[in-house]
Number of protein chains: 2
Amino acid sequence: MISIDYQDRRPIYEQIVERYQTLIVRGILPPDTQMPSVRQTALELKINPNTISKAYGILEREGFIYSVKGRGSFVSGNQNVRDRKKQIWLEKLEGLLFEGRDLGVDSASVAACVDRVFGIKRKEEQS
Amino acid sequence: MISIDYQDRRPIYEQIVERYQTLIVRGILPPDTQMPSVRQTALELKINPNTISKAYGILEREGFIYSVKGRGSFVSGNQNVRDRKKQIWLEKLEGLLFEGRDLGVDSASVAACVDRVFGIKRKEEQS
DNA sequence: ATGTGTGTACTATGCCACATAGTACGCATA
DNA sequence: TATGCGTACTATGTGGCATAGTACACACAT
């Protein structure tokens with residue numbers, strides 16, 4: 001379900017947060033699904049329970065999951081989370097696009113890339 | 001010319017590398033322009049010369065600048081650098097777009113974002 | 001009541017990247 | 001010669017990250 005990339009420069013707890021965010025937003029983990037227990041995940045990934053706990057704490061603060069003492073952690077049904085996640089992604093995209101524009105990347109290359117991924121026909125080529 | 005953002009999680013030397021990469025690729029720093037000296041920049045930014053030196057070392061290894069002992073560091077005229085930088089950026093963009101698609105972002109939002117940044121018409125660009 | 005599994009909190013420790021401080025050397029140029 | 005340049009080296013301090021270990025409160029099945 002979850003894996004760690006030790007080549008990734010980001011800390012482990014952050015990778016876990018990001019991974020679960022995606023799984024939840026995409027609906028692979030439906031609302032009220034029980035999350036793997038802190039200790040269980042720690043055993044499987046061969047890392048310290050504290051690290052998982054830290055990730056879960058962040059996920060809870062962000063509204064992705066909710067925790068119940070003695071029972072476990074569960075996926076939140078909060079719909080706003082998904083929208084907020086999309087919003088953040090769009091801001092990230094905008095930042096990257098600005099960077100590319102400053103680099104001098106031509107818009108045609110960008111449009112081609114967008115078409116390739118989203119497989120759409122853009123309204124019309126700007127004339 | 002150069003500034004540091006201490007809010008940025010990236011290390012200082014990496015920010016400097018990125019900043020100069022942009023300035024060089026955009027042509028703001030033309031080939032054979034002399035780079036600010038290590039000690040001078042260190043004084044202005046109130047950081048250690050070693051940190052600047054580290055950044056310059058990376059920039060040289062990547063082909064953005066070349067250093068001459070006793071004289072200084074200068075902007076490289078290597079054209080391949082610019083193209084390679086664009087190439088890397090496009091790959092980064094593609095990765096982000098896939099992520100957004102998986103998140104369920106609708107293509108219209110993406111198209112709007114692209115248009116907003118790159119503009120509808122793009123006849124002339126800075127040269 | 002007991003045992004097991006859960007989240008949570010806390011302290012202590014080690015590691016490592018980063019940045020700094022200080023010094024020194026070789027080289028180019030005025 | 002004096003100055004400024006890049007470069008190299010050692011030593012030190014700091015902070016984030018991860019670990020180790022322990023402990024507590026709670027839910028649930030037995």
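Order of the sequence lines sets the chain letters (A, B, ...), proteins ahead of strands, with each chain counted from 1. Computed from heavy atoms alone, side chains included, the values below leave out hydrogens, waters and symmetry copies. Only a predicted model underlies this, so the values are computations on that prediction, with no experimental measurement involved.
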Atom pairs, N/O to N/O, protein against nucleotides 12-14 of chain D, distance under 3.5 Å?
none

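Rounding to whole angstrom units, CG of residue A/D8 and P of D/dG16 are separated by 19 Å. Rounded to an integer number of Å, the gap from B/L59 CG to D/dT7 C1' is 16 Å. Distance, B/I12 CD1 to C/dT20 C1': 10 Å, rounded to whole Å.
Hydrophobic clustering, defined by side-chain heavy atoms of Ile, Leu, Val, Met, Phe, Trp and Tyr closer than 4.5 Å, leaves B/L43 isolated from every other such residue.
Contacts classified as salt bridge (charged side-chain N to carboxylate O under 4.0 Å, His left out) and involving residues 77-86 of chain A (residues at least two apart or in different chains) are not found. Every pair passing salt bridge (charged side-chain N to carboxylate O under 4.0 Å, His left out) that includes a residue from residues 8-19 of chain A is listed here, sequence neighbours excluded: A/D8-A/R10, A/R9-B/E14, A/E14-B/R9. Residue pairs meeting the ring pair (Phe, Tyr, Trp, His ring centres under 6.0 Å) criterion with at least one partner in residues 3-49 of chain B, sequence neighbours excluded, are absent. Applying the salt bridge (charged side-chain N to carboxylate O under 4.0 Å, His left out) test to pairs two or more places apart or on separate chains, those with a residue in residues 21-34 of chain A are A/R26-B/D102. Listed by first and then second residue, the ring pair (Phe, Tyr, Trp, His ring centres under 6.0 Å) pairs that reach into residues 63-94 of chain B are B/Y66-B/F74, sequence neighbours excluded. The list of salt bridge (charged side-chain N to carboxylate O under 4.0 Å, His left out) pairs with a residue in residues 47-60 of chain A, not counting sequence neighbours, is empty.
Between the axis at the start and the axis at the end of the helix from C/dA1-D/dT30 to C/dA30-D/dT1 there is an angle of 10°, using five pairs per end and rounding to 10 degrees.
Listed by chain and residue number, B/Q40 satisfy the side chain to side chain contact (heavy atoms under 4.5 Å, CB included) test with B/E44 (two or more places apart in sequence, or in another chain). Residues satisfying the side chain to side chain contact (heavy atoms under 4.5 Å, CB included) test with A/N50, not counting sequence neighbours, are A/N48.
Residue B/S37 has a polar side-chain atom (N or O) positioned under 4.0 Å from OP1 or OP2 of D/dC5. Proximity of A/Y13 to the phosphate of D/dC17: a side-chain N or O atom is located under 4.0 Å from OP1 or OP2. Listed pair B/R71 / C/dT29 meets the phosphate criterion, a side-chain N or O lying under 4.0 Å from OP1 or OP2.
Counting heavy atoms from C-beta on, the side chains of A/L93 and B/L93 come closer than 4.5 Å.
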Checklist entry - When you check every protein heavy atom under 4.0 Å of nucleotides 8-15 of chain C, what one-letter string (B, S, -) results, 5' to 3'? => result BBB-----
